[in-house]
Every structure is written in C-alpha cells, then in structure tokens.
Amino acid sequence: MRQDPTKDFNVPLARIYGEQGKLEKMFHTYLNLIQANPSYRSISQRNFSLYVNEDPTNEANVILRKTLLKRLQEKPDILYNELLSWLFIQQKQYKKAFVQEKAIYKRSEEDLIGIIDLGFIAMNDEDFENAYDIFTYAIENSPTPEEKLRNHQYLMKVRLQTASEKEYDAIVAEFQRLFDTYGSGKQTYLLQIDYNHFLAFTMGNTTEAIENLKTLAKYNMTSYQEARVKMELADILVYDEKFNQALIYYSQIQNKIKNSVISQEARFKVAKASYYKGDFKWA
C-alpha cells in the first residue's frame, strides 16, 4: 500500500493483526476502514465478535473499549458511541449502553429506535430495572402521542414481568389511566390485548377479559389487528375451557388472513383446542 496508494489491503491486514494477537492495531485498522467506508461496519463487527465476549475484563474487550474512548475524546463521532453501545450490550452492561444511546440520540435527534431496541434487549435478558428506565426515557422523549402510547405499552410489559401480587390493583389502575388518556378503541388494541391477558391469566378474571375483547373485536380494524384480538380472545376461552367458542375464533382467523404466519398459528391452536376437548382423531 505504501508503494501503490491505489491498493487497499486493510481488510486482510486487520485479520493478520488479529491472528498475530496485535489487537489494538487490528481494532484501529477496522475503525479506519469503517470511517472510510461505513459499509465495512457489519464485517468489522463480525470480526470483533471473534475476540470480544461477555466478560468485561477479557483482553479484547478492554482494548476495544479503551480504543473507542480514546478516539471519542480525540475526535467525537457518533460511530464510537454506537460501537461502545454495541460492546456494552455484548457485555450485558445495559446501563452503560444506555448512556451511549442517550448520547447518540441527543447528538442525532433523529429517532428513539436505538433506545427502544436496547430496552427490549434488556427486558429479554431479564434486566427489568434498566429496561424500565430505558422505556421511561423513551416515553419522556416521544415526539408524538402515537409513539408515546407505544412506549407506554413497552413499559407496561416490563411492569407485568416484575409485578408482585400486592401490585396487581396498581397495575390495573395504571392500565385504566392509559385507556382514559388514549381511549379504548382500536388505537390501543395492543395495550388492551396485554391488559386482558393479565386479567385472565394472572388475575383469573376470564369473564371480564372475554367481554372486553369481544367488544374490542367489533371495532373496524385491519384484518391483522382483528386477528390478534381474536387470537387472544380464543386463547382465554381455551383457558376457560370453552373450547367450541375458541375453535370458532381460531377458524375465523384462518379464513380471514389465509397463508400468513398468524393463520398457521391459529391452525395449530385448533389442533391443540381439539386435543383439550378430547377430539383426538381430529387433533
């Protein structure tokens, strides 16, 4: 490359540095590549993953973190915040990743997708405390009522995961406050599905949940929205051992949106419901 500036062997060079154990040179080479051409980012991160693991004290983790922080101090660039966030996620340090995602959001002011994705990662990893803080931040910074509602729904998913029995009444009251604010029509159908799932499967109040969902299903919704509502309704009917009613709703889903994943899910649940009611041959 020194002899001919038109040649670019940085990709194999970075790999050689990695094989030699010269990790700092490897990371610097990959970072230079990404800066010169952002399309190299996914390739670089895949190669980072060969050296980085969940252990924050792992040599490669330490070197990459120091390299990124040094570059960030010398020349602030959102790229380094994004890669630090990625590193902290690999290490399951969601609070530190959240700090980076907030810095990215404040500098770019584009959207909250990075924040929300991190919230789901933390929630799926059962780090509910950080997931709660992340979704709360998303709510506070949502630019539209629709986004605020969606982020409230995500926050309630965290609340449902962590609630103790003595908090059930408070959960119900919280849902009702959201319905008072955003309504009980089709615009809140996902929130209502979560609420009625909680009523039926956690609180055992199947009668109210069934009535709520029957009312919701009467609204003029898209086929997909109607299918999701009827799927939850049918699941609760199965739980309440009202198998014939459940089979009707599952069949409606199959007929309404044929050749879709949700239709296949309904078909599978028809077989399960038939098994529960003792119709083994049909199941």
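Small disclaimer: the values here were computed from a predicted structure and weren't measured. These numbers come from the heavy atoms of this one structure, side chains and all, not from hydrogens, waters or symmetry mates. Position 1 is the first residue of the sequence; numbering continues from there.
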Item to complete: Return yes if a side-chain donor-acceptor contact under 3.5 Å exists between Glu167 and Ser164, otherwise no.
Response: yes
Worksheet item: Hey, is NZ on Lys256 packed in by over 12 heavy atoms from elsewhere, all under 6.0 Å?
Response: no
Discussion item. Which heavy atom of Ile63 sits nearest to which heavy atom of Phe27, and what is that distance?
Written reply: CG2-CD1, 3.8 Å
Practice prompt. Could you pull out the closest heavy-atom pair between Ser263 and Lys258, with the gap in Å?
Written response: OG-CA, 4.0 Å
Worksheet item: How about Ile257 and Ser260: do any of their side-chain heavy atoms sit closer than 4.5 Å?
Response: yes
Worksheet item: Should Tyr250 and Arg267 count as side-chain neighbours, where that means a heavy-atom distance under 4.5 Å?
Response: no
Fill in: Heavy-atom check, side chain of Glu101 versus side chain of Asn81, under 4.5 Å
no
Worksheet item: Between Gln187 and Leu149, is there a donor-acceptor pair closer than 3.5 Å when you use the side chain of the first and the backbone of the second?
Response: no
Worksheet, complete the sentence: Rounded to the nearest 0.5 angstrom, the CG-CD distance for Leu247 and Gln254 is 9.5 Å
Worksheet item: Relative to each other, are the rings of Trp86 and Phe48 parallel, tilted or perpendicular (30° and 60° limits)?
Response: tilted
Fill in: Heavy-atom pair of closest approach, residues Ser274 and Trp282
OG-CD1, 3.2 Å
Worksheet item: Within a reach of under 6.0 Å around NZ of Lys70, are more than 12 heavy atoms found that belong to other residues, nucleotides or ligands?
Response: no
Fill in: Residues Arg41 and Glu82 bridged, charged N to O under 4.0 Å
yes
Discussion item. Nearest 0.5 Å, please: how far is CG in Leu69 from CZ in Arg71?
Written reply: 12.5 Å
Worksheet, complete the sentence: Rounded to the nearest 0.5 angstrom, the NZ-CG distance for Lys95 and Asp133 is 7.5 Å
Fill in: Heavy atoms from other residues, nucleotides or ligands near CD of Glu165 exceed 12 (cutoff 6.0 Å)
no
Item to complete: For side chain to side chain donor-acceptor pair (under 3.5 Å), just list the numbers for Asn196 and Glu232, CA-CA rounded to whole Å, side-chain angles, deciding distance to a tenth of an Å, and then say yes or no.
Response: CA-CA 8 Å; Asn196 288 292; Glu232 184 64 38; over 6 Å; no
Worksheet item: So, do Thr29 and Val11 sit near enough that their side-chain heavy atoms are less than 4.5 Å apart?
Response: no
Practice prompt. Using a strict cut-off of less than 4.0 Å between a Lys/Arg side-chain nitrogen and an Asp/Glu carboxylate oxygen, indicate whether Asp125 and Lys92 qualify as a salt bridge.
Written response: yes
Discussion item. I'd like to know whether the aromatic ring centres of Tyr275 and Phe280 sit less than 6.0 Å apart in this structure.
Written reply: yes
Practice prompt. Heavy atoms only: give me the nearest Tyr105-Asp111 pair and the separation to one decimal.
Written response: CD1-O, 3.4 Å
Item to complete: Please indicate whether Phe268 has more than 12 foreign heavy atoms, meaning atoms of other residues, nucleotides or ligands, lying under 6.0 Å from its CZ.
Response: no
Item to complete: Give a yes/no verdict on a cation-pi contact between Lys102 and Tyr137, requiring under 6.0 Å between NZ or CZ and the six-membered ring centre and an angle within 45° of the axis.
Response: yes
Discussion item. Do Tyr30 and Asn10 make a side-chain contact, defined as non-hydrogen atoms from C-beta onward lying under 4.5 Å apart?
Written reply: no
Worksheet item: Can you name the closest pair of heavy atoms from Tyr51 and Leu23 and give their distance?
Response: CD2-CD2, 3.7 Å
Worksheet entry | Phe135 ring center within less than 6.0 Å of Phe128 ring center | no
Worksheet entry | Polar contact flag, side-chain donor to acceptor under 3.5 angstrom, Gln153-Asp194 | yes
Worksheet entry | Nearest-0.5 Å distance, CD1 of residue Ile171 to CE of residue Met203 | 10.0 Å
Item to complete: Give the C-alpha distance, both sets of side-chain angles, the deciding distance and a yes or no for salt bridge (Lys or Arg N to Asp or Glu O under 4.0 Å) between Glu226 and Lys230.
Response: CA-CA 6 Å; Glu226 184 182 336; Lys230 288 185 174 179; 2.8 Å; yes
Fill in: Parallel, tilted or perpendicular, as decided by the 30° and 60° cut-offs, for the rings of Phe243 and Tyr276
tilted
Worksheet entry | Straight-line distance of Tyr249 OH to Leu213 CG, nearest 0.5 Å | 9.5 Å
Item to complete: Evaluate side chain to side chain donor-acceptor pair (under 3.5 Å) for Lys186 paired with Gln225, printing each intermediate quantity in order.
Response: CA-CA 8 Å; Lys186 65 179 182 179; Gln225 291 171 336; 5.6 Å; no
Worksheet entry | Presence of salt bridge, Lys75 and Asp77, under 4.0 angstrom | no
Worksheet item: According to the interplanar angle, ranging from 0 to 90°, do the rings of His197 and Phe201 count as parallel (below 30°), tilted (30 to 60°) or perpendicular (above 60°)?
Response: tilted
Worksheet item: Are the side chains of Met1 and Asp8 in touch, meaning some heavy atoms are under 4.5 Å apart?
Response: yes
Discussion item. Please determine whether the number of non-hydrogen atoms from other residues, nucleotides or ligands lying under 6.0 Å from atom CG of Asn124 exceeds 12.
Written reply: yes
Worksheet item: Roughly how far apart are Thr207 OG1 and Asn212 CG, rounded to 0.5 Å?
Response: 10.5 Å
Discussion item. Testing the basics here: between Val238 and Ala273, what is the closest heavy-atom pair and its distance to 0.1 Å?
Written reply: CG2-CB, 4.2 Å
Worksheet item: Ile193 versus Val229: any side-chain heavy-atom pair under 4.5 Å?
Response: yes
Worksheet item: When the ring centroid of Phe198 is compared with that of Tyr168, is the distance short of 6.0 Å?
Response: yes
Worksheet item: Short question: side chain of Asp240, backbone of Lys242 - any donor-acceptor pair under 3.5 Å?
Response: no
Worksheet item: Taking the six-membered ring for Trp, are Tyr195 and Phe179 ring centroids under 6.0 Å apart?
Response: yes
Practice prompt. State yes or no: do Ile116 and Met156 share one hydrophobic cluster built from I, L, V, M, F, W and Y residues joined by side-chain heavy-atom distances below 4.5 Å, directly or via other members?
Written response: no
Worksheet item: Going by distance alone, is a donor N or O of one side chain under 3.5 Å from an acceptor N or O of the other, for Asn61 and Asn58?
Response: yes
Item to complete: Using a 4.5 Å cut-off on heavy atoms from C-beta on, say whether the side chain of Leu191 contacts that of His152.
Response: no
Discussion item. I'd like to know whether Tyr80 forms a side chain to side chain donor-acceptor pair (under 3.5 Å) with Glu74, so could you lay out the CA-CA distance, the side-chain angles of the two residues, the decisive distance to 0.1 Å, and finally the verdict.
Written reply: CA-CA 11 Å; Tyr80 304 135; Glu74 292 173 352; over 6 Å; no
Practice prompt. Output all residues satisfying salt bridge (charged side-chain N to carboxylate O under 4.0 Å, His left out) with Arg228, sequence neighbours left out; order by chain, then residue number.
Written response: Glu265
Fill in: Residues Asn205 and Glu208: side-chain donor-acceptor under 3.5 angstrom
yes
